[in-house]
Amino acid sequence: MEEALILDNKHTEHSTVGLAQQWDQLEQLGMRMQHNLEQQIQAKNTTGVSEEKIKEFNETFRFVLRLRAQSFVSLFLSTRVLSLAPQSFLHCGT
C-alpha cells in the first residue's frame with residue numbers, strides 16, 4: 001500500500017501512517033522491555049535473585065509482548081478486511 005502511495009482508506013479510521021507509527025511504538029516497547037530484562041538479569045547476578053523469580057519475570061515479559069503483538073495483528077487484519085471494497089464481497093461466492 002505504501003509503494004502505491006495509498007495512505008488513507010475510506011472504509012476504516014486507520015491509515016498506513018498510523019499503523020506504521022503504532023508498529024514503531026511496539027518495537028520501541030520491545031526494546032525497552034528487553035533492556036529492562038537485561039538490567040534485571042544484571043541485578044540478579046549482583047543481588048542474588050532466585051531463578052524462580054527470573055523465570056516468573058520472563059514468563060510475564062513474553063505474555064505481555066504476545067498480547068501486544070496480537071493486538072497489533074488484530075488491528076492490522078481488521079484494517080485489511082475493512083479496506084476491501086464492498087463490491088469484493090458481492091463476488092465472494094462466484
Any side-chain heavy-atom pair from Gln39 and Asn36 closer than 4.5 angstrom?
yes
Closest non-hydrogen atoms of Gln34 and Phe61, given as atom of the first, atom of the second and distance, are N-CE1, 3.9 Å
Once ring pair (Phe, Tyr, Trp, His ring centres under 6.0 Å) is applied, what residue pairs with a partner in residues 30-60 remain, sequence neighbours excluded?
none
Using a 6.0 Å cut-off, check whether atom CD of Glu38 has over 12 heavy atoms from anything other than its own residue.
yes
Any chance you could measure Leu26, atom CG, to Leu65, atom CG, to the nearest 0.5 Å?
7.0 Å
Supply the atom-to-atom distance Glu52 CD to Lys55 NZ, rounded to the nearest 0.5 angstrom.
8.5 Å
How long is the gap from OG1 on Thr60 to CG on Leu37, to the nearest 0.5 Å?
11.0 Å
CD/Glu27: more than 12 non-hydrogen atoms of other groups inside 6.0 Å:
yes
